[in-house]
Number of protein chains: 2
Amino acid sequence: MGKVAASSGEIAEATVSTAAQVRKDLSYFGSFGKKGQGYNIDELIEAIEGILGLDRRWKVALVGLGKIGQSLIQFKEFGQIGFDFVAIFEKDPEKIGKSFNGIPIYHIDEMPRVCEEETILIALVAVPAESSEEVFQRVLDAGIRGILNLSGRCCFKPPPHAFIKNVNVAAEIESLSYYLTHF
Amino acid sequence: MGKVAASSGEIAEATVSTAAQVRKDLSYFGSFGKKGQGYNIDELIEAIEGILGLDRRWKVALVGLGKIGQSLIQFKEFGQIGFDFVAIFEKDPEKIGKSFNGIPIYHIDEMPRVCEEETILIALVAVPAESSEEVFQRVLDAGIRGILNLSGRCCFKPPPHAFIKNVNVAAEIESLSYYLTHF
DNA sequence: CTTTGTGAACTTCTTCACAGCT
DNA sequence: AGCTGTGAAGAAGTTCACAAAG
């Protein structure tokens, strides 16, 4: 939009937050603004990318090549923000040895070897809910440190060196039901 | 597992929470347990379904029949928890008038009429990020009160009678990057 | 004059701990 | 004895309000 700097108020407006919140959040990581001027937009983007660890590329494994896995791996935004799928793990012997979207498909038993060789630290898990607990354990045993879980409700407590993020569309639509019922 | 009742501690264990948290959360809505016994499992499930508004069925519209929309509409869990897709809205004239998975595809201009006739209150929006702002406005104008947004980063402030829930896989994987960088 | 960065005040959320019921 | 429901205490998060800087 041609602007060089943005004030905390303008950032709040654009992100549905408040000016004080924007300033406090940023102050936790450093001083990125200039008094009287606001925040230089390019500098701020670069600072936030640094904070989030997006100033590098990450190799990602997909575990489970069902419908959800297939649609996610074709999703271009991952590449744009620095995440590259480099391996797919499956149980189905039909698929193993082939590739999907140019990415090789391995048997899930090969996970420890491939993840070490390729230094993969992040996995996107999209397997049937029944097998997710077992798969989480195998993924962690293969050296993965961050799991993005799309397998539905997850009650798996990761060890302290690992992190699980859950994306659960069913739970979100249930919360809409709650709001519409009560308000 | 053959058990009739569960204590707050057992529920906490199973949900990665704490006993006090489980009791406080439930106490906000009523008294569902028996002192000395814990919570009757069937009764508790029924109570929670009532709280969440899941003791009925909801009609849902899908807006945008791209890859994500197609994979979500085939997702059986929605039906199991009480949500039925009854209409698809699209811009592409190629698809309009046809159906997908047995659900009729309408032009997006027909949304106000169809949503009123069918009393649809919830929409799942899966359109390209560029058009999401405009689509949100049109969806709300059609009488929708709850939006589940899968179109990426959303900075749309809904009016007070409506609710938006965002599901953003890209944002979640970025937060994994943050944790792996700092811990 | 504008806007940041930040202590202090305030609000919300979580945990503690125990009276009271089964 | 076992476990809930809940005030009170403690922790975490948000907003206020203003000194300091451009």
Side-chain angles (χ1 to χ4, degrees), chain A residues 1-52 154-155 157-158 160 163-166 168 171-172 174-175 178-179 182-183, chain B residues 1-52 154-155 157-158 160 163-166 168 171-172 174-175 178-179 182-183:
Chain A
M1 293 159 78
K3 292 195 64 172
V4 174
S7 69
S8 55
E10 291 170 309
I11 296 170
E13 171 76 16
T15 56
V16 196
S17 183
T18 66
Q21 189 72 73
V22 168
R23 292 203 301 279
K24 254 283 193 281
D25 285 358
L26 290 172
S27 79
Y28 183 74
F29 296 102
S31 296
F32 306 108
K34 285 194 184 63
K35 304 195 177 185
Q37 258 86 281
Y39 299 86
N40 177 288
I41 293 170
D42 290 339
E43 277 172 36
L44 184 58
I45 289 172
E46 202 163 319
I48 294 173
E49 283 177 351
I51 293 165
L52 291 176
C154 155
C155 302
K157 190 174 177 181
F163 304 92
I164 300 184
K165 277 269 153 185
N166 294 294
N168 188 339
E172 301 297 331
E174 288 180 348
S175 86
Y178 169 76
Y179 289 118
H182 292 265
F183 307 107
Chain B
M1 292 159 76
K3 291 196 65 171
V4 173
S7 69
S8 55
E10 290 171 310
I11 296 170
E13 171 76 16
T15 56
V16 196
S17 183
T18 65
Q21 189 73 72
V22 168
R23 294 203 302 279
K24 255 281 192 285
D25 285 358
L26 291 171
S27 78
Y28 183 75
F29 296 100
S31 294
F32 307 107
K34 285 195 184 62
K35 302 192 178 188
Q37 258 86 286
Y39 300 86
N40 177 290
I41 292 169
D42 291 339
E43 277 171 36
L44 185 58
I45 288 171
E46 202 163 320
I48 293 173
E49 283 177 352
I51 293 165
L52 292 176
C154 154
C155 301
K157 190 176 177 181
F163 304 92
I164 300 184
K165 277 270 153 184
N166 295 295
N168 189 338
E172 300 299 332
E174 287 180 349
S175 86
Y178 170 76
Y179 289 117
H182 292 266
F183 308 107

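Letters go in sequence order (proteins before strands), and every chain restarts at 1. Just so we're clear, the structure is a prediction, and the values are computed from it rather than from any experiment. Heavy-atom basis, side chains included; hydrogens, waters and symmetry copies ignored.
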Check your understanding: Of A/Asp25 and A/Gly36, whose nearest nucleotide on DNA chain D comes first from the 5' end?
Key -> A/Asp25
[N] [atom2] sits how many Å from [X] [atom1], rounded?
X	N	atom1	atom2	result
A/Asn40	C/dT4	CG	P	13 Å
B/Ile41	D/dT4	CD1	P	12 Å
A/Glu43	C/dT4	CD	P	14 Å
B/Leu26	C/dC13	CG	P	16 Å
A/Ile11	C/dT2	CD1	C1'	15 Å
B/Arg23	C/dC18	CZ	C1'	11 Å
B/Lys35	C/dC21	NZ	C1'	5 Å
B/Leu44	D/dC3	CG	C1'	14 Å

Between [N] and [X], is there an OP1 or OP2 to side-chain N/O distance shorter than 4.0 Å?
X	N	result
B/Gln21	C/dT15	yes
B/Ser8	D/dC3	no
B/Gln37	D/dC3	no
A/Tyr39	C/dG5	yes

[X], [atom1]: over 12 other non-hydrogen atoms inside 6.0 angstrom:
X	atom1	result
A/Glu13	CD	no
A/Tyr28	OH	no
A/Tyr178	OH	yes

**Study point:** Flag for B/Glu172-B/Asn168: side-chain donor and acceptor within less than 3.5 Å
**Key:** no
Review point. Rounded to the nearest 0.5 Å, what separation is found between the CD atom of A/Glu46 and the CD1 atom of A/Ile48?
Key: 11.5 Å
Review point. Do B/Lys24 side-chain and D/dG7 base share a donor-acceptor contact under 3.5 Å?
Key: yes
Review point. Which part of the nucleic acid does A/Tyr28 contact within heavy-atom distance under 4.0 Å: base, sugar-phosphate only, or nothing?
Key: nothing
